[in-house]
Structures are given as C-alpha cells and as structure tokens.
Amino acid sequence: MFLSDGCGAMIANMDVTVLGGGIGGLACACALAQRGARVRVLEQAPALQEVGAGIQISANGLAVLRALGLEPAFLARSTGNGAVELRQGQNGARLIRMAMDPGAFRFVHRADMIDILAEGARAAGVTVETGRRVAAVNLESSGARLDFADGTGETVPLLVAADGVRSVVRPVIDGVATPFFTGQVAWRALIPGTEGAPEARVYVGPGRHLVRYPLAGRGVINLVGVEERAEWAEETWHSPADPAQFRAAFAGFCDGVQRDLALVDQVHLWGLFRHRVAETWHRGQVALLGDAAHPTLPFMAQGANLALEDAWVLADCLAQRPVDQALPMYQEKRRARVARAIAAANDNARNYHLSKWWQVGPAHTALRMLDRVAPSAMVRKFDWLYRHDVTA
Ligand SMILES: Cc1cc2nc3c(=O)[nH]c(=O)nc-3n(C[C@H](O)[C@H](O)[C@H](O)COP(=O)(O)OP(=O)(O)OC[C@H]3O[C@@H](n4cnc5c(N)ncnc54)[C@H](O)[C@@H]3O)c2cc1C
C-alpha cells in the first residue's frame with residue numbers, strides 16, 4: 001500500500017499545505033502524507049461535505065485509490081457498473097448495450113467518496129482545518145502568502161491548490177481566463193429506488209440526454225439530465241431548481257423516464273462551461289491540481305478521476321525530486337493527457353445531442369449495427385483513458 005523505504009525521501013518531513021478538501025485535495029494530502037510529508041488541508045466549508053449526487057469512478061481513478069490503500073473501503077461503499085445502455089429517449093428503444101467490467105467502473109455517492117479519502121488522509125497523519133476560506137494568494141520567495149477571509153494571514157512553504165473550478169490560485173499562476181457557457185445545463189437529482197440492474201442507462205434525444213444509475217448502498221438512483229438551452233445557469237452544484245422545470249425539459253421522453261421524474265422532489269441545476277486547460281500548472285512553490293487546473297465537461301465522467309490521477313503524480317514527483325524540478329515534471333506528465341481527455345469530453349457532448357433528422361437517423365442505425373456486431377468497441381476505443389494506470 002505505501003511506498004517502499006526511501007521512495008519518499010525528497011518530501012519526507014516537508015510542510016505542505018493543500019487548499020481545498022475536495023476529491024483532488026484529500027487524495028493528494030493522503031498521498032503526500034503517506035510519503036512522509038507533514039500535510040495540512042484548508043477547507044472553506046464548516047465541515048468536509050459534499051452535495052447529494054453520484055459520480056462514476058473508472059479503472060484509472062480506482063488505480064489511485066488502490067495505491068493509496070483505500071480500495072477495500074471504496075469497493076464496500078460503491079456499486080459496480082455492469083453495462084451502459086444507450087436508449088432512444090422518446091420511445092425507450094435500445095440503441096446499444098456495452099458490457100462493462102463492474103470491477104473497473106463503479107458508481108459512488110460523492111459524500112462517501114469524500115469520507116473514504118478523508119479517513120485515509122487522517123490515518124496517514126493529515127490535519128484538516130475547516131472554516132478556513134482563503135480570499136487571496138500571493139507568491140513570495142519563501143512560498144505563498146495566504147490571506148484568509150477572516151482577516152488573518154500566513155505564509156506557507158509549499159502550496160497545492162486544489163480549490164476547484166473557482167480557484168483563487170489559478171489566476172495567480174496562469175492568468176485570468178474567461179470560460180464560455182456551452183449552452184448546456186445539467187439537472188441533477190437523487191430519487192428513492194433500488195430496483196433495476198447495477199448499470200447506467202443513457203436516454204438520448206435531440207438537444208438533451210438523461211443518465212440514470214443506482215447508488216445501491218444508499219438506496220437511491222442518480223439522475224443527471226443535460227439539456228441544450230440558451231438560458232444561462234450558474235456553474236455550481238448548489239443552485240436549487242424547480243423539479244417541474246426538470247420534468248418539462250424531458251417531457252417528450254418515454255414512460256420509464258417519466259416515472260423517474262415523477263419521484264424528483266429536489267433538483268439542482270449546473271451550467272456547463274468550457275474552460276481552457278491551464279497552460280502553466282505551477283509557479284514558485286505552488287502547484288494547481290484537479291478542477292483548479294482543468295475543469296472538464298462531465299461527458300466522459302472524468303473530472304474526479306483526473307483529479308485523483310493528478311494527486312498521485314504530484315505526490316510522486318515531489319517524492320523523487322526537489323520542488324523546483326518536481327513541479328515542472330508534474331506538469332509535463334499530466335498536461336497532454338488531461339487535454340486529450342477533456343477534448344474527448346467536448347466531442348461526446350456533440351455525439352449525444354445530434355439534433356438534425358439527417359444526423360439522428362444514420363447515427364442511430366449505425367449504433368444498432370454496432371450493437372449487433374461489436375458492442376464493446378465503443379468502450380475499448382477509450383482504453384487509453386479508462387485503463388491508464390498512473391501508479392504503475
Ligand atoms: C454534472 C456533473 C457530473 C459529474 N460527474 C462526474 C463523474 O461521474 N465522474 C467524475 O470523475 N467526475 C465527475 N464530475 C466532475 C467532478 O465532480 C469534479 O471534476 C471533481 O469534483 C473535481 O475535484 P476537485 O477536488 O478538483 O475540486 P472540488 O471537488 O470542487 O473541490 C474543491 C474544494 O475546495 C474548496 N475551496 C474552494 N475555494 C476555496 C477557498 N478559497 N478556500 C478554501 N477552500 C476552498 C471547496 O469548498 C471544495 O471543497 C462531474 C461534474 C458535473 C458538473
């Protein structure tokens with residue numbers, strides 16, 4: 001589970017501050033502490049918490065959890081995904097069914113994921129300070145100056161910025177970049193239910209699709225509906241919306257979808273924005289990680305998985321090299337892969353939402369043919385992404 005003796009030599013006993021107690025920050029804190037660093041996580045929320053929603057963890061993210069020694073806890077609290085079925089939204093007819101390896105593709109509640117990582121980090125000696133909102137960051141020769149929202153401040157020798165899509169650190173490292181609204185919003189809800197196979201269904205229709213999968217341990221089903229629309233929505237998980245509007249957005253979809261939507265009593269709306277991948281991931285004694293460096297659209301279900309990969313690679317680089325060499329090495333190892341994954345997610349947005357009749361007909365016919373001859377080809381196409389193991 002941990003590195004062999006001596007592998008963490010460069011980082012042993014170094015003080016590292018991780019900004020952000022999300023999936024990326026906690027994973028990195030855990031990996032660094034397991035290599036002997038003294039690690040502190042600063043989180044703005046009053047407690048480590050997550051929104052009520054599911055995420056999918058694929059083999060590439062699972063490899064990191066395994067290397068951190070967290071696989072047993074993760075397997076106990078996640079559900080294996082046995083297949084992904086694409087169905088026509090309007091009539092529910094199957095287009096293609098892709099068998100998945102349930103050991104390699106798993107669904108988990110975000111709060112369970114945070115618990116598992118936080119327990120792993122604390123067991124490795126990490127301290128987590130909640131209610132610590134950083135308002136501004138400035139680079140100094142001796143590290144990074146943090147100014148907290150409560151008026152206090154301090155300088156830390158090494159900062160890992162895992163503070164998510166609205167990072168206060170990214171502009172200091174990579175300049176200000178303005179994301180653009182993709183014209184898509186994501187509705188997200190949990191409904192009660194345990195029925196159905198442990199698999200994902202994706203109902204596709206013109207300008208919209210709806211993903212449904214069970215979180216068995218919680219007795220709920222996760223729904224994410226993506227809709228193309230001109231009306232802007234905020235880029236946050238925490239924006240409550242009207243269940244009636246969610247139902248209206250998918251009103252033309254089949255009876256099975258309508259039964260699910262009838263059970264929705266709380267829904268959140270997330271505006272989907274395209275961000276460029278940061279050109280520069282580090283400066284001085286500061287590195288960006290996860291969404292702080294590269295927010296992604298959700299269409300390959302990779303944001304959290306890429307954050308886990310970043311966490312492992314950054315800790316590994318810091319264990320092998322002095323900081324001034326480790327941070328460029330980290331960026332070198334990560335940026336091209338992350339950019340490729342995000343480009344694939346951008347492409348997938350288009351594929352789900354073919355809206356013209358002359359696109360929809362041939363595309364659906366091709367999927368039905370593929371379903372008959374080689375249904376696994378669609379998944380194998382992305383082996384470079386899902387089967388990659390940064391810990392190997
Ligand atoms: C609809 C949707 C579905 C998704 N589904 C999947 C999926 O199935 N699989 C997948 O891999 N990914 C998925 N993602 C993406 C995934 O949720 C993110 O990429 C991932 O959570 C990023 O982790 P992170 O640690 O980088 O950032 P975050 O999880 O955003 O964590 C950042 C943390 O930093 C804290 N913070 C922020 N600013 C400050 C500050 N100034 N001071 C102190 N603390 C601060 C925040 O409170 C937060 O706890 C999905 C995203 C969306 C929108």
Side-chain angles (χ1 to χ4, degrees), residues 17-29 41-51 53-58 60-62 64 78 81 105-111 113-114 117-118 128-137 146-150 159-171 182 184-189 200 209-211 213 215 222-227 233-239 267-273 275 288-311 338 341-342 345 349 385-386:
T17 302
V18 176
L19 183 61
I23 291 170
L26 290 171
C28 190
V41 173
L42 303 177
E43 167 57 45
Q44 65 184 357
L48 286 184
Q49 61 193 11
E50 258 302 339
V51 292
I55 54 170
Q56 302 183 62
I57 296 295
S58 42
N60 53 320
L62 186 53
V64 174
S78 58
N81 176 8
F105 293 90
R106 304 195 63 87
F107 308 126
V108 65
H109 195 285
R110 290 175 72 96
M113 191 73 222
I114 289 292
L117 289 167
V128 178
E129 297 176 20
T130 53
R132 300 278 276 154
R133 176 170 161 65
V134 168
V137 174
L146 308 182
D147 290 308
F148 292 94
D150 64 7
L159 180 70
V160 175
D163 53 339
V165 66
R166 294 165 191 277
S167 172
V168 291
V169 186
R170 176 171 169 159
T182 59
Q184 293 174 326
V185 295
W187 303 87
R188 172 185 65 69
H209 75 267
L210 187 129
V211 184
Y213 58 79
L215 297 169
N222 188 62
L223 300 179
V224 179
V226 175
E227 180 200 3
E234 214 186 327
E235 189 178 30
T236 166
W237 286 98
H238 302 279
S239 205
V267 65
H268 289 80
L269 191 63
W270 168 288
L272 298 179
F273 286 69
H275 299 252
L288 300 174
L289 182 147
D291 276 9
H294 49 75
T296 173
L297 293 175
F299 303 120
M300 296 298 289
Q302 281 299 297
N305 288 289
L306 293 174
L308 288 169
E309 289 188 1
D310 285 356
V338 162
I342 289 174
L385 179 58
Y386 297 132

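In each ligand, atom 1 is the first atom listed, and ligand 1 is the first ligand listed. Note: hydrogens, waters and symmetry copies are ignored here, and every other heavy atom, side chains too, is used.
Without hydrogens or angle criteria, Arg133 side chain to Ala149 main chain gives no donor-acceptor distance under 3.5 Å. Distance alone, capped at 3.5 Å, places no donor-acceptor pair between the Asn222 side chain and the Val108 backbone. Checking side-chain atoms of Ser58 against main-chain N and O of Tyr386 turns up no donor-acceptor pair under 3.5 Å. Within the 3.5 Å criterion, the main-chain N or O of Gly290 finds a donor-acceptor partner in the side chain of Asp310.
In terms of polar-atom proximity, defined here as any N/O pair under 3.5 Å, Gln56 does make such a contact with ligand 1. Between Ala45 and ligand 1, no pair of N/O atoms sits closer than 3.5 Å. Between Thr296 and ligand 1, no pair of N/O atoms sits closer than 3.5 Å.
In summary, the atoms of ligand 1 found under 4.0 Å from a heavy atom of Gly164, numbered by their order in the structure, are 27 (O), 30 (O), 32 (C). Close approach of ligand 1 to Leu19 (heavy-atom distance below 4.0 Å) involves ligand atoms 42 (N), 43 (C). Annotation for ligand 1: atoms under 4.0 Å from non-hydrogen atoms of Ala162 are 32 (C), 33 (C), 34 (O). Taking every non-hydrogen atom of Pro298 and a distance limit under 4.0 Å, the qualifying atoms of ligand 1 come out as 2 (C), 3 (C), 4 (C), 52 (C).
Judged as a side-chain hydrogen bond (donor to acceptor under 3.5 Å, both in side chains), and not counting sequence neighbours, the contacts of Ser167 are Asp163.
Counting heavy atoms under 4.0 Å from ligand 1, residue Arg132 touches it through the backbone alone. For Gln302, every heavy-atom contact with ligand 1 shorter than 4.0 Å involves the backbone, none the side chain.
The closest approach between any non-hydrogen atom of Val165 and ligand 1 is not below 4.0 Å.
Of all the listed residues (Gly290, Ala292, Ala304), Ala304 holds the heavy atom that lies closest to atom 16 (C) of ligand 1. Summarising the contacts of atom 44 (N) of ligand 1 with Arg133, Arg110, Gln44, the nearest heavy atom is found in Gln44.
Distance check: Leu308 CG to Leu289 CG gives 9.5 Å after rounding to the nearest 0.5 Å.
Between Val226 and Gln184, the shortest heavy-atom distance links the atoms CG1-CB, 4.2 Å. Contact between Leu288 and Ala293 at its shortest, heavy atoms only, is CB-CB, 3.8 Å.
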